[in-house]
Amino acid sequence: MNNLASLARAVRGPIILITLGVLFAMDHFGPLPFWRTWPVLIIVIGLMKLIERSSHVQQAQQTNALPPGNFPGGLPR
């Protein structure tokens, strides 16, 4: 398992909760109401999914790579 993918999955929930808390704090204490800042949650979720998928693609490319000079089926060069 790719370490970056594992890390992204492990911190997804806490990052979303922290983002939500910051947005509610900005609603309560700051000049921006929550209805204007909630799209930030969608952006954060999208970025987390993008990191997960890109790390899965890198892992798939590394595991599907053939050693130099070998062909599938055992045919020599």
Side-chain angles (χ1 to χ4, degrees):
M1 179 80 33
N2 192 347
N3 289 337
L4 185 58
S6 299
L7 178 64
R9 271 195 305 276
V11 299
R12 181 188 328 148
I15 286 179
I16 291 172
L17 285 176
I18 290 169
T19 303
L20 187 62
V22 167
L23 294 179
F24 278 129
M26 286 175 55
D27 179 43
H28 188 69
F29 297 112
L32 295 173
F34 183 76
W35 64 269
R36 295 195 69 179
T37 59
W38 69 265
V40 172
L41 282 174
I42 296 173
I43 293 169
V44 168
I45 292 169
L47 287 173
M48 295 300 298
K49 295 300 282 182
L50 185 65
I51 291 169
E52 284 180 40
R53 288 187 184 242
S54 67
S55 62
H56 282 298
V57 168
Q58 289 174 354
Q59 180 185 10
Q61 288 174 349
Q62 290 172 356
T63 57
N64 290 337
L66 293 173
N70 291 335
F71 286 114
L75 298 173
R77 271 191 189 185

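Everything numeric here is computed off the predicted structure, so don't read it as measured data.
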Can I get a per-line list of side-chain donor-acceptor pairs under 3.5 Å for residues 11-32, giving both atom names and the distance, sequence neighbours left out?
residue, atom, partner, partner atom, Å
R12, NE, E52, OE2, 3.0
R12, NH2, E52, OE1, 3.1
R12, NH2, E52, OE2, 2.7
T19, OG1, I15, O, 2.8
D27, OD1, F34, N, 3.1

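Under the side chain to side chain donor-acceptor pair (under 3.5 Å) criterion, no residue pair touches residues 34-49, with sequence neighbours excluded.
Side-chain contacts under 4.5 Å among hydrophobic residues (ILVMFWY), followed directly or transitively, place L47 together with I43.
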